[in-house]
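Remarks on the structure that follows.
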Protein chains: 2
Amino acid sequence: MGATKTDLFTKKQNEIAMMAKALAHPARIAILQEILKTNSCICGSLVNDLGLAQPTISQHLKELKAIGLIRGTIEGTSVCYCINPKVWNQYKQLFADFFKESIKNENNCC
Amino acid sequence: MGATKTDLFTKKQNEIAMMAKALAHPARIAILQEILKTNSCICGSLVNDLGLAQPTISQHLKELKAIGLIRGTIEGTSVCYCINPKVWNQYKQLFADFFKESIKNENNCC
DNA sequence: AATATTAATCGTAATATTGCAATTAATAGA
DNA sequence: TCTATTAATTGCAATATTACGATTAATATT
């Protein structure tokens, strides 16, 4: 086997998991932070900054783009990436909702 | 290759990624939500509720325990699981910090 | 047109994850 | 002690991820 049984879970549970999966690599965290830090968009400087090969960075960018967290627009020979605020805020909300539940249930039976 | 190059990234970036990885499966989201919902701790009812085999659930519980998100105490023949509030709140804070950055940088260049 | 620059894609190898059947470990109760 | 119950561990197969060299695609510059 090896394939996740998504049909056993709710839409929201799968959404949270997918979102978490997108953030489940330090390179992707670093990429997002770099895009956030430099107020203007970033191109291929990520390759210099992160120390990973160009195809590797490109693949991580592809994944982030696939779930909609970032957008890329071609500017001459380089590509400019930026956060998609709409999706970003959706994700932010989903995570906040998930962790908010903890406050209501301060169980400490073990 | 195939192994994540954690040495290229900051401690915090690796922490966020590890935390996200722990949440990157709908079964683990469902397990955590179930533990949160039933105010008292849960034992093996997760197997009945989730529709996955017992070894599979056990493995997911092991992963959640490995990163400290949950604790398990033996109660007779069954095992009682509960959230570790300390770690839970740490994670909550880390995520909140990560997503907070978005507000400061409302970039929309592309 | 020829060359340089930038980034995506392809192919491949190494490693990690997911899921479960079979087994084992450990306690509860007869 | 013997049996039932519950959960962890082991072993294995299928699939997914990570990383990068080689190549390709596309625009910019000469």
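Numbered from 1 within each chain, the chains take letters A, B, ... in sequence-line order. Because the structure is a prediction, the values reported are computed rather than measured.
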- Message: Taking the minimum atom-to-atom distance to the side chain of A:Arg28, which one of C:dA28, D:dT18, C:dT18 wins?
- Response: D:dT18
- Message: With no hydrogens and no angle check, just 3.5 Å: does a side-chain donor-acceptor pair link B:Glu75 and B:Ser78?
- Response: no
- Message: Checking base pairs now: Watson-Crick or wobble, both atom distances under 3.5 Å. What partners D:dA26?
- Response: C:dT5
- Whole-Å distance, B:Leu52 CG to C:dA21 P, equals 11 Å
- A:Gln93 and A:Asp97: side-chain donor and acceptor closer than 3.5 Å? yes
- Can you tell me the distance, in whole Å, between the CG atom of B:Leu8 and the P atom of D:dT18? 14 Å
- Report yes if the side chains of B:Ile29 and A:Phe9 come closer than 4.5 Å at any heavy-atom pair, otherwise no. no
- Message: If you count heavy atoms of other groups shown closer than 6.0 angstrom to CG of A:Leu8, is the number above 12?
- Response: yes
- Item | Whole-Å distance separating the CD1 atom of A:Ile42 from the P atom of C:dT6 | 15 Å
- Message: Students often mix this up, so state it plainly: with edges at 30° and 60°, are the rings of A:Phe98 and B:Trp88 parallel, tilted or perpendicular?
- Response: tilted
- Item | Integer-rounded Å distance: D:dT18 P and B:Asn14 CG | 13 Å
- Does any residue of residues 15-25 of chain B have a heavy atom under 4.0 Å from DNA chain D, and if so, which ones, in number order? none
- Note on the structure: Contacts of A:Thr77 and B:Ala27 projected onto DNA chain C by closest heavy atom; the upstream (5') one is A:Thr77
- Message: Can you work out whether A:Val47 or A:Lys5 has the more 5'-proximal nearest nucleotide on DNA chain C?
- Response: A:Val47
- Message: Show the nearest heavy-atom pair for residues B:Thr4 and A:Pro26, with the distance to one decimal.
- Response: CG2-CG, 3.8 Å
- Under 3.5 Å donor-acceptor, A:Arg28 side chain and A:Leu61 backbone: no
- Are the charged groups of B:Glu34 and B:Lys37 less than 4.0 angstrom apart, N to O? yes
- Rounded to whole Å, CG of A:Leu50 lies from C1' of D:dT18 at a distance of 15 Å
- Query: How close or far is atom P of D:dT18 from atom CG of A:Leu64, stated in whole angstroms?
  - Reply: 11 Å
- Does the side chain of B:His60 get closer than 4.0 angstrom to OP1 or OP2 of C:dG19 through an N or O atom? yes
Protein-nucleotides 8-10 of chain D N/O pairs under 3.5 Å:
unit_1 : atom_1 : unit_2  : atom_2 : d
D:dA8  : OP1    : B:Tyr81 : OH     : 2.2
D:dA8  : OP2    : B:Ser58 : OG     : 2.7
D:dA8  : N7     : B:Gln54 : NE2    : 2.6
D:dA8  : N6     : B:Gln54 : OE1    : 2.9

- Note on the structure: Separation of C:dA7 atom P from A:Arg71 atom CZ, nearest Å, is 19 Å
- Under 4.0 Å: is that the gap between some side-chain N or O of B:Thr56 and OP1 or OP2 of C:dT18? no
- Query: What does A:Ile74 touch in the nucleic acid at a heavy-atom separation under 4.0 angstrom: a base, only the sugar-phosphate, or nothing?
  - Reply: nothing
- Message: Check for me whether the distance between the ring centres of A:Phe95 and B:Phe99 falls short of 6.0 Å.
- Response: yes
